[in-house]
Structures are given as structure tokens and as C-alpha cells.
Amino acid sequence: MKRTIILAAMLTGIALCSCGQKEETSVPPVGMMPIQQAPEITEPASEDGVGRFLYYPYKEKALYAPCGTNEICFYFEREDITPDEGYVTVYDALTGEAYDAIDVSDENRCKENIFDDTAVQYTGWEKGSCISVFFDRSFLPDGNYYLGLDEGCFVASGGEMHSREISEADQLFFGIASYGLNSIDTMILQNFVVGDKYNLGVILDGEADLAVITDYDGRCLALSETRLSDTDYFTLEFLQSGESSLTVTFYDAGGTALNTVNFRFTVL
């Protein structure tokens, strides 16, 4: 579905937080990457705990994630941050009710990533740690949420320092765009079988005018088309067994890339 086209406004702000001290299912198929823009960070680093961290998506519109993703990325300025134990909870900002929660000790749901060029560009830091938390539920179009973290979700320096509790008072809000993958389609999926076909739903709106599959392995996947502007889904045919993925990039009417979503899948 497509409404009146507008150009996306780009912002430069992101969330900045600090932490204090404390005393086998399949991997979800949906992820995302942040917009490629570096904020300016001038505040001093925290002197205790695990130090500063950033998160994505955020509450400013230019830093919304596309709908259909189920991932929260945490970026730490320290290089030695790892998941420990406790829950990261997403709350519906409208109702205050818990939307989903993941135990960071679950290695299938909480992943350590390389602090790559994307992380450097997003944070403005030369080095650090990057951790992704994958939820069982995808985030809904035009959704607004906030985060809660148990004390000790993340740990530094061999277990000597732990992250503090994050509550509603910390206001770690984030928003979800009205364009992206169809969130009904992108709930946790069962494994596919070679020869299966699947319609990957796409939502376009007044901000996003075009969706393009920009990265996939043609040995694993055949596509009906790679560009969508006036239809509702890509048809995927799975050609061989294994784990693979594709990347959908969304563009505005002027051809500017707004954001990307990575759709991961396993074929038996």
C-alpha cells in the first residue's frame, strides 16, 4: 500500500546512556542495519560500570527501524562487553504492557557482532562492542516502544563490572517506521524446504517509494523480481539447503536509501 510521497528528513541525534555496577530454538529470520550517519558525541564517558552505550532503533524519526524487524542493537564504547544474564524487555509505549522479553544468556537470541564499519559510522567511536538481541515478535508499523534491562545483562572485564538496571524512568524509547517487511509475514518462521516458495510481504508508504533486493545468493534463492514499487511482495523460491539471507533496501522518491532489512532463513 502506497500513500502520498514525501521526502525523508534526516536527523543526527541518537541515544546516549551509561551503565553502573551490580553485585535450542532456531535463530530469528529478521534483522536490520542502522542508517549510515555518525552522531557527534561530546559527553564524557561514565567512570564506572560498563560505561557508555548506544542503542538502535531510536525515538527520532530518521533513526526508526523499518517495520518487520525484531532486533535491538546495543553498541558499547568498551571493547570487552559480553552478554551475561537477565532479560531485555520491550514495552508498548502506548499501553505500558510488555511486548516481548529475551534472556541474554540465550545464545540463539543474543549475538555478539564484530564492531565493523557500520558500527563505527553509527557511533562515531573507533572501537567498541556490538551486541544484537533478537525477539520472538516483530515490531509493528508506526509502533512506539521502550526498553527495560535487568541488572547485569551485560558484563565487562571478566565479570568484575556489570550493567545497571534500566527502567521506564530511563526513557530508552524507540520508534518503528510505517514501511518495511510485513510484520505478520516476518514472525518467527518454521524452516523452509528445498523447492518451497514464499511470498515475502513488503509495505511501502509515503516515505518509502521503492524496495529493492540488494544482496542475495543466487545459488540458494530464485526471485520473481528484485524491485517493488506497486506490488505487495517478493516471491522467493528456495533452491538448496543451508542458511542464507537477503537484504531489502528501501528508497525514497528521490532515490535516497532510507534503511535496510536483512531477512535470514534456513532451508532443509
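Start at 1 with the first residue, then count along the sequence. What's counted below: heavy atoms across the whole structure, side chains too, no hydrogens, waters or symmetry copies.
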Restricting to non-hydrogen atoms, name the atom on Val248 and the atom on Ala211 that form the minimum distance, rounded to 0.1 Å. CG1-CB, 4.0 Å

Is the Phe53-Tyr75 ring centre distance short of 6.0 angstrom? no

Can you tell me how far apart CD1 (Ile81) and OG (Ser129) are? Round to the nearest 0.5 Å. 5.5 Å

Determine whether Leu221 and Leu246 make a side-chain contact, defined as any pair of heavy atoms from C-beta on separated by less than 4.5 Å. yes

Mind checking whether Ile131 and Leu172 sit in one hydrophobic cluster, side chains of I, L, V, M, F, W, Y counted as touching below 4.5 Å? yes

With distance as the sole criterion, is a donor-acceptor pair present between the side chains of Asn262 and Thr247 under 3.5 Å? yes

In the structure I gave you, are the side-chain heavy atoms of Leu268 and Phe192 within less than 4.5 Å of one another anywhere? no

I'd like to know if Leu200 and Val212 are part of one continuous hydrophobic network [Ile/Leu/Val/Met/Phe/Trp/Tyr, side-chain heavy atoms within less than 4.5 Å]. no

With Glu165 via salt bridge (Lys or Arg N to Asp or Glu O under 4.0 Å) - residues at least two apart: none

Is Ile72 close to Tyr56 at the side-chain level, that is, under 4.5 Å between some pair of heavy atoms? no

Would you indicate whether Glu168, at its atom CD, is surrounded by more than 12 heavy atoms from other residues, nucleotides or ligands within a distance under 6.0 Å? no

Determine the interplanar angle of the Phe263 and Tyr198 rings, folded into 0 to 90°, and report it as parallel if under 30°, tilted if 30 to 60°, perpendicular if over 60°. parallel

Sorted by chain and number, sequence neighbours left out, salt bridge (Lys or Arg N to Asp or Glu O under 4.0 Å) with Asp103 holds for none

Could you check Ser105 against Glu85 for side chain to side chain donor-acceptor pair (under 3.5 Å), going step by step and ending with a plain yes or no? CA-CA 5 Å; Ser105 65; Glu85 59 182 13; over 6 Å; no

How many angstroms lie between CD in Glu207 and OG1 in Thr256, if you round to the nearest 0.5 Å? 11.0 Å

Do the side chains of Ile176 and Leu140 get nearer than 4.5 Å, heavy atoms only? no

Distance in Å, Cys73 SG paired with Lys111 NZ, rounded so as to fall on 0.5 Å steps: 13.5 Å

Using the side-chain contact (heavy atoms from CB on, under 4.5 Å) criterion, which residues pair with Pro141? Sequence neighbours excluded. Cys67, Ser183, Ile203

Could you list the residues that satisfy side-chain contact (heavy atoms from CB on, under 4.5 Å) with Gln171, not counting sequence neighbours? Phe173

Is there a donor-acceptor pair closer than 3.5 Å between any side-chain N or O of Thr123 and the backbone N or O of Ala119? yes

Say whether Ser138 and Asn70, considering side chains only, have a donor N or O and an acceptor N or O under 3.5 Å apart. no

Asn144 side chain to Ala93 backbone, donor-acceptor under 3.5 Å: no

Kindly write out the residues that satisfy salt bridge (Lys or Arg N to Asp or Glu O under 4.0 Å) with Asp215, not counting sequence neighbours, or none if the list is empty. none

Which atom pair, heavy atoms only, marks the closest approach of Gly180 to Phe250? CA-CZ, 3.4 Å

Will you find, in the side chains of Thr249 and Thr214, an N or O donor that is under 3.5 Å from an N or O acceptor? yes

Determine whether a donor-acceptor pair (N or O, by modelled atom type, separation under 3.5 Å) exists between the side chain of Asp92 and the backbone of Gly96. no

Interatomic distance, CG@Leu63 vs CZ@Phe174, rounded to 0.5 Å, equals 13.0 Å

Flag the pair Asp196 / Glu237 as yes when at least one side-chain heavy-atom distance between them is below 4.5 Å, and no otherwise. no

Testing the basics here: between Val88 and Cys153, what is the closest heavy-atom pair and its distance to 0.1 Å? CG2-SG, 4.2 Å

Could you walk me through whether Met161 and Arg78 pass side chain to side chain contact (heavy atoms under 4.5 Å, CB included), step by step? CA-CA 12 Å; Met161 294 178 289; Arg78 294 181 60 120; 3.3 Å; yes

Using side chain to side chain donor-acceptor pair (under 3.5 Å) as the criterion, list what pairs up with Thr235, not counting sequence neighbours. Asn199

Please determine whether residues Leu54 and Val120 belong to a single hydrophobic cluster, defined as Ile, Leu, Val, Met, Phe, Trp and Tyr linked transitively by side-chain heavy-atom distances below 4.5 Å. yes

Decide yes or no for Tyr233 and Val202: does some side-chain heavy atom of the first lie under 4.5 Å from some side-chain heavy atom of the second? no

For Ser241, side-chain contact (heavy atoms from CB on, under 4.5 Å) partners two or more places apart: Val194

I would like to know whether Lys59 and Tyr146 meet side chain to side chain contact (heavy atoms under 4.5 Å, CB included); could you show each step before the answer? CA-CA 9 Å; Lys59 63 183 178 181; Tyr146 63 87; over 6 Å; no

With sequence neighbours excluded, what pairs up with Tyr216 under the ring pair (Phe, Tyr, Trp, His ring centres under 6.0 Å) test? none

Phe115: partners by ring pair (Phe, Tyr, Trp, His ring centres under 6.0 Å), with sequence neighbours left out: none

Less than 4.5 Å apart, side chain to side chain, heavy atoms only: is that true for Phe135 and Arg109? no

Minimum-distance pair of heavy atoms, taken over all atoms of Arg137 and Asp100: N-OD2, 3.0 Å

Linked, directly or transitively: Tyr251 and Leu181 (ILVMFWY side chains, under 4.5 Å): no

Closest non-hydrogen contact found for Cys110 with Val133 is SG-CG2, 4.0 Å

Under the ring pair (Phe, Tyr, Trp, His ring centres under 6.0 Å) test, which residues partner Phe154, sequence neighbours left out? Phe74, Phe76

With sequence neighbours excluded, what pairs up with Asp170 under the salt bridge (Lys or Arg N to Asp or Glu O under 4.0 Å) test? Arg164

Treat each ILVMFWY residue as a node, draw an edge where side-chain heavy atoms are under 4.5 Å apart, and state whether Val104 and Val155 are in one component. no

Please walk me through it: do Tyr58 and Tyr64 pass side chain to side chain contact (heavy atoms under 4.5 Å, CB included)? CA-CA 6 Å; Tyr58 185 51; Tyr64 286 4; over 6 Å; no

Once rounded to the nearest 0.5 Å, what's the spacing between atom CD1 of Ile213 and atom CG of Leu236? 6.0 Å

If you look at every heavy atom in Gly218 and Leu239, which pair is closest and at what distance? O-CD1, 3.5 Å

Are any non-hydrogen side-chain atoms of Phe134 and Arg264 less than 4.5 angstrom apart? yes

Determine, stepwise, if the pair Asp217 / Ser244 fulfils side chain to side chain donor-acceptor pair (under 3.5 Å). CA-CA 7 Å; Asp217 188 342; Ser244 191; 5.2 Å; no

What residues, two or more places apart in sequence or in another chain, satisfy side-chain contact (heavy atoms from CB on, under 4.5 Å) together with Gln240? Arg219, Cys220

Parallel, tilted or perpendicular, judged at 30° and 60°: which one describes the rings of Tyr99 and Phe139? tilted

Rounded to the nearest 0.5 Å, the OH atom of Tyr122 sits from the CG atom of Asp116 at a distance of 13.5 Å

